[in-house]
**Student:** 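I'd like to ask you about the structure that follows.
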Amino acid sequence: MARELTYAQKAERSIIKTYRKSIWNPFVEGCKRYELIRENDVILVCLDGTAGAAVAALCLKQLKRVSDTSFEVLFKAENETAKAQLEVLGLKETGSDDYNKTALPVTLNDVVDNTLYNMFCNSSLEGIIPNKDGVIMPLFCVYDSAINNFAQLNKLKVVDKEQSRGHEITEKIKEINPDIEHNVFTSLHNVKLDTIVKYN
């Protein structure tokens, strides 16, 4: 008779199976591409109750289990919803302040929204760096839609994510070009500096 999985085990399994292509693979790709994690890192994940923070925590927990790189992950709940998430997902809150990196649940959508906002509203071409000054963004290559689907499938209680600056701009452009998010994100990795009039 097959062993009955706990809620936490089912959630973890869905990350690497059901959402392997849309969450796990982009997560791993981002960690490698941007060198987010190094040997002996201690990473703090602050859960704010959003689905993104919970997914980031689960992904880092799973990566610690399978990675050849030795690192630690600490979890901290910022509100009651986050505390409930820690409990149902089998994550233990740690009171230690001994860490060298903080993981933020910034997604591909946040990157695109921020880029378009700066272009349209601040007259600047400005992206987001996924690994800077001790702050890493492990969901940098993951879409919000995949994260939201994960939360719905697992019936995870979450608080609504605050929309990024430029979200309305992105949504308007998507009416003309549904591939805008992919195209803008790819463009940030394919900047031809010799065609830019001036840059700092």
Side-chain angles (χ1 to χ4, degrees), residues 19 21-37 43-60 76-79 81-82 85 101-152 156-200:
Y19 295 101
K21 290 184 178 180
S22 59
I23 294 180
W24 178 250
N25 288 348
F27 159 76
V28 172
E29 175 192 347
C31 287
K32 291 180 178 179
R33 183 174 193 176
Y34 310 116
E35 299 180 342
L36 302 187
I37 302 172
I43 303 168
L44 174 67
V45 183
C46 292
L47 283 86
D48 57 4
T50 62
V55 168
L58 285 176
C59 284
L60 286 168
K76 179 181 179 181
E78 297 184 340
N79 52 46
T81 300
Q85 289 176 348
K101 290 182 178 178
T102 302
L104 298 182
V106 174
T107 65
L108 185 151
N109 298 82
D110 296 324
V111 177
V112 172
D113 291 349
N114 182 75
T115 301
L116 291 176
Y117 178 86
N118 282 313
M119 290 180 66
F120 281 79
C121 301
N122 290 339
S123 302
S124 65
L125 182 57
E126 181 181 345
I128 296 176
I129 303 298
N131 185 2
K132 185 178 181 181
D133 300 329
V135 175
I136 63 172
M137 302 171 184
L139 302 181
F140 199 77
C141 299
V142 181
Y143 285 93
D144 280 341
S145 57
I147 294 170
N148 294 335
N149 288 340
F150 165 86
Q152 292 174 8
L156 181 67
K157 184 178 180 181
V158 300
V159 298
D160 291 336
K161 172 183 175 180
E162 184 177 346
Q163 293 294 352
S164 304
R165 297 182 307 175
H167 177 72
E168 291 185 8
I169 296 173
T170 304
E171 291 303 304
K172 284 292 184 181
I173 298 176
K174 281 175 71 174
E175 295 175 6
I176 303 172
N177 180 6
D179 296 325
I180 185 64
E181 290 159 334
H182 169 77
N183 292 347
V184 170
F185 188 76
T186 302
S187 296
L188 291 172
H189 297 78
N190 190 29
V191 178
K192 301 185 186 302
L193 293 179
D194 58 345
T195 68
I196 304 299
V197 176
K198 180 181 179 181
Y199 62 92
N200 296 325

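As a basis for the values below, the full set of heavy atoms in this structure was taken, side chains included, without hydrogen atoms, waters or symmetry mates. Keep in mind that what you see is a predicted model, and the values were worked out from it rather than measured.
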**Student:** Under a 4.5 Å cut-off applied to non-hydrogen side-chain atoms, are Met119 and Leu125 in contact?
**Tutor:** yes
**Student:** Taking CD in Glu78 as the centre, count heavy atoms belonging to other residues, nucleotides or ligands within less than 6.0 Å. Is the count above 12?
**Tutor:** yes
**Student:** Say whether, by atom type as modelled, one donor and one acceptor occur between the side chain of Asn79 and the main chain of Thr81 under 3.5 angstrom.
**Tutor:** yes
**Student:** Above 12 or not: heavy atoms from other molecules or residues under 6.0 Å from CG of Asp160?
**Tutor:** no
**Student:** If only side-chain N and O atoms count, and only distance matters, is there a donor-acceptor pair under 3.5 Å linking Thr186 with Asn183?
**Tutor:** no
**Student:** Please examine the side chains of Tyr19 and Val142, heavy atoms only from C-beta on, and report whether any two atoms are closer than 4.5 Å.
**Tutor:** no
**Student:** Looking at Ala53 and Leu47, what are the two nearest heavy atoms and their distance?
**Tutor:** CB-CA, 3.9 Å
**Student:** Less than 4.5 Å apart, side chain to side chain, heavy atoms only: is that true for Thr107 and Lys161?
**Tutor:** yes
**Student:** Name all residues meeting the salt bridge (Lys or Arg N to Asp or Glu O under 4.0 Å) criterion together with Glu126; count only those two or more places apart in sequence or in a different chain, and write none if there are none.
**Tutor:** none
**Student:** Under a 3.5 Å cutoff, is there a donor and acceptor pairing between the side chains of Asp48 and Thr50?
**Tutor:** yes
**Student:** Heavy atoms, side chains only, cut-off 4.5 Å: are Lys172 and Leu116 in contact?
**Tutor:** no
**Student:** Atom CD1 of residue position Ile129 - does it have more than 12 heavy atoms of other residues, nucleotides or ligands inside 6.0 Å?
**Tutor:** no
**Student:** Checking Lys101 side chain against Asn131 main chain: does a donor-acceptor pair fall under 3.5 Å?
**Tutor:** no
**Student:** Closer than 3.5 angstrom, by distance alone: can the side chain of Asp113 be matched with the main-chain N or O of Asp110 as a donor-acceptor pair?
**Tutor:** no
**Student:** Identify, with sequence neighbours excluded, every residue that meets ring-ring contact (aromatic ring centres under 6.0 Å, His included) alongside Phe185.
**Tutor:** Phe140, His189
**Student:** Report the distance from atom CZ of Phe150 to atom CG of Leu156, rounding to the nearest 0.5 Å.
**Tutor:** 6.5 Å
**Student:** Rounded to the nearest 0.5 Å, what separates atom NZ in Lys32 from atom CZ in Phe27?
**Tutor:** 11.0 Å
**Student:** Please examine the side chains of Ile37 and Leu60, heavy atoms only from C-beta on, and report whether any two atoms are closer than 4.5 Å.
**Tutor:** yes
**Student:** Within the 3.5 Å criterion, strictly below it, is a donor on Asp144 or Asn148 matched to an acceptor on the partner's side chain?
**Tutor:** no
**Student:** Does Leu108 reach the side chain of His182, with side-chain heavy atoms less than 4.5 Å apart?
**Tutor:** no
**Student:** Looking only at non-hydrogen atoms, find the nearest pair between Val45 and Ala57 and report the distance.
**Tutor:** CG1-CB, 4.1 Å
**Student:** Check Ile23 against Cys59 and note the closest heavy-atom contact, atom names and distance.
**Tutor:** CG2-SG, 3.8 Å
**Student:** Mind checking salt bridge (Lys or Arg N to Asp or Glu O under 4.0 Å) for Glu171 and listing every partner two or more places apart, or none if nothing turns up?
**Tutor:** Lys174
**Student:** Restricting to non-hydrogen atoms, name the atom on Pro26 and the atom on Cys141 that form the minimum distance, rounded to 0.1 Å.
**Tutor:** CB-O, 3.4 Å
**Student:** Is there a side-chain contact between Ser22 and Asn149 in this structure, where contact means two heavy atoms from C-beta onward sitting under 4.5 Å apart?
**Tutor:** no
**Student:** Before giving the answer on side-chain hydrogen bond (donor to acceptor under 3.5 Å, both in side chains), spell out for Ser164 and Asn114 the whole-Å C-alpha distance, their side-chain angles and the decisive distance to 0.1 Å.
**Tutor:** CA-CA 7 Å; Ser164 304; Asn114 182 75; over 6 Å; no
**Student:** Out of curiosity, Lys132 NZ to Met137 CE, how far, rounded to the nearest 0.5 Å?
**Tutor:** 9.5 Å
**Student:** Using only atom types and a distance under 3.5 Å, with no angle test, would you say the side chain of Glu181 pairs donor to acceptor with the backbone of Asn109?
**Tutor:** no
